[in-house]
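Inspection log for the structure reproduced underneath, given as structure tokens.
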Amino acid sequence: MSAQLRAAVPGQAGALLAELGDKAVVHDLYDEVGALVYHAIAGDDTFEVRELVGSLRSTTGPILELAAGSGRLTLPLLTLGRELVALELAPGMIRLLEQRLRTVPASRSDRCTVVAGDMSDFDLGRTFGAIVLGTTSISLLDAAGRAGLYRCVRRHLAPGGRFLLTAVDVPGFGCSTTEQVLDVDCADGTRLRMHEHWTEGADVRTVTIFPRPLETAEPPITVCTTRIGVFPATQLETELAAAGLLVTTRQALPATASHHHDVLLVAEVAG
């Protein structure tokens with residue numbers, strides 16, 4: 001798997017991997033090792049939290065959070081005082097989420113149920129007043145996966161319920177092919193360098209993460225990568241409508257980088 005992941009890394013990041021050779025071990029960002037790197041980057045990030053929590057205040061009933069990860073949104077959502085089901089597929093992420101839940105008061109953690117499951121194919125046998133898919137995680141799904149997601153969401157929404165999701169619109173890199181490089185200083189002291197490569201018109205972008213500074217990293221050097229879908233938010237609205245989910249609100253989210261245009265979409269069952 002490491003060899004396959006390595007071969008899929010383009011641009012400057014791919015060249016760096018070639019220079020490192022056998023010193024580097026490449027992991028998927030969502031596998032057992034990658035989950036720790038993901039959590040270091042995003043575990044305490046407050047991006048989109050205020051907007052999601054604010055929109056959820058106008059809904060009622062239990063909440064279903066899809067692709068909950070290590071709990072970046074789960075813990076803030078529990079402040080709403082409602083029952084929460086957190087669905088996550090990756091075992092490493094589930095372990096991190098359960099560890100974090102043990103650090104919060106029982107009055108909150110007791111209202112959260114963690115479920116192992118695939119956001120594109122799940123059946124919980126119940127409905128929810130709100131379903132949340134944050135962290136632009138819909139970008140991880142291909143067309144078939146998104147179709148499965150929409151079917152599951154519609155089946156699990158209570159009458160009058162709402163589906164809230166955040167999405168990355170087409171990045172405005174401004175040229176045909178480019179690679180953005182961002183230095184990340186994590187809350188736990190971890191220092192990373194993130195390469196994001198996208199060719200204009202391509203339906204995926206590649207994110208690759210190295211330790212920083214790379215020159216002093218001791219082998220084996222952990223490198224994490226993932227491929228993320230790129231499509232206009234208008235395409236998502238069209239897909240949702242075809243699945244019987246009507247977007248009623250589209251809200252721009254605060255900019256985090258010049259090449260990202262993130263939006264919050266709120267949808268309800270049509271008719």
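A distance of 7.0 Å separates CG of Leu52 from CG of Leu77, quoted to the nearest 0.5 Å. Note that CD1 of Ile131 and CZ of Arg154 are 12.5 Å apart. Values are rounded to the nearest 0.5 Å. Once rounded to the nearest 0.5 Å, the distance linking CZ of Arg227 with CG of Leu29 reads 14.0 Å. The line from CG of Leu36 to CG of Asp31 is 9.0 Å long, rounded to the nearest 0.5 Å. Note that CE of Met194 and OG1 of Thr208 are 10.0 Å apart. Values are rounded to the nearest 0.5 Å. Summarising the geometry, atom CG belonging to Asp203 is positioned 13.0 Å from atom CD1 belonging to Ile228; distances are rounded to the nearest 0.5 Å.
Contact annotation: the side chain of Val114 approaches that of Ile94 to within less than 4.5 Å [non-hydrogen atoms, C-beta and beyond]. Pro254 is listed as a side-chain neighbour of Glu51, based on a closest heavy-atom distance under 4.5 Å. Side chains of Arg193 and Val181 form a contact here, defined as non-hydrogen atoms less than 4.5 Å apart. For the pair Ile138/Met119, no side-chain contact is recorded, criterion being any heavy-atom separation below 4.5 Å from C-beta on. Residues Thr113 and Val115 are in side-chain contact: their nearest non-hydrogen atoms beyond the backbone lie under 4.5 Å apart. Between Leu84 and Glu65 the shortest side-chain heavy-atom distance falls below 4.5 Å. For the pair Thr166 and Asp262, the minimum side-chain heavy-atom distance is 4.5 Å or more. Residues Leu246 and Phe163 fail the side-chain proximity criterion, which asks for heavy atoms closer than 4.5 Å.
In this structure, His156 contributes its side chain and Cys152 its backbone to a donor-acceptor pair below 3.5 Å. Under the 3.5 Å distance criterion, the side-chain polar atoms of Thr206 are left unmatched by any main-chain donor or acceptor of Val9. Within the 3.5 Å criterion, the main-chain N or O of Leu78 finds no donor-acceptor partner in the side chain of Arg108. Judged purely by atom type and a 3.5 angstrom limit, Glu88 uses its side chain to pair as donor or acceptor with the backbone of Gly69. With hydrogens and angles ignored, the 3.5 Å screen pairs a side-chain donor or acceptor of Glu48 with a backbone N or O of Thr135. Under a 3.5 Å cut-off, the side chain of Asp110 and the backbone N or O of Ser107 do not form any donor-acceptor pair. Thr248 places a side-chain N or O within donor-acceptor distance of the main-chain N or O of Val266, the cut-off being under 3.5 Å. The backbone N or O of Arg82 lies less than 3.5 Å from a partner atom in the side chain of Arg111, making a donor-acceptor pair. Counting only distance, with no hydrogens or angles, the side chain of Arg72 and the backbone of Phe47 share a donor-acceptor pair below 3.5 Å. Panel note: side chain Arg212, backbone Leu192; a donor-acceptor pair is recorded below 3.5 Å.
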Evaluate side chain to side chain contact (heavy atoms under 4.5 Å, CB included) for Leu66 paired with Phe122, printing each intermediate quantity in order.
CA-CA 10 Å; Leu66 301 177; Phe122 62 93; 3.8 Å; yes
Using side chain to side chain contact (heavy atoms under 4.5 Å, CB included), reason through Met93 and Tyr30 one step at a time and then give a plain yes or no.
CA-CA 8 Å; Met93 293 291 188; Tyr30 300 96; 3.7 Å; yes
For the pair Leu75 and Val104, evaluate side chain to side chain contact (heavy atoms under 4.5 Å, CB included) and give the outcome as yes or no after the intermediate values.
CA-CA 8 Å; Leu75 271 60; Val104 303; 3.7 Å; yes
Before giving the answer on side chain to side chain donor-acceptor pair (under 3.5 Å), spell out for Arg162 and Ser58 the whole-Å C-alpha distance, their side-chain angles and the decisive distance to 0.1 Å.
CA-CA 10 Å; Arg162 296 177 185 171; Ser58 62; 2.7 Å; yes
Pair Val263-Leu265, side chain to side chain contact (heavy atoms under 4.5 Å, CB included): steps then yes or no:
CA-CA 6 Å; Val263 294; Leu265 302 178; 4.3 Å; yes
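More than 12 heavy atoms of other residues, nucleotides or ligands lie within 6.0 Å of CZ in Arg155, so this atom counts as buried by the packing criterion.
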Solution key, residues 10-25 side-chain donor-acceptor pairs under 3.5 Å, sequence neighbours excluded:
none

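By the 6.0 Å and 45° rule, Arg146 stacks over the aromatic ring of Phe231.
With sequence neighbours excluded, the residues that form a ring-ring contact (aromatic ring centres under 6.0 Å, His included) with His195 are Phe210.
Linking ILVMFWY residues whenever their side-chain heavy atoms come closer than 4.5 Å, directly or via other members, places Val247 and Leu157 in the same cluster.
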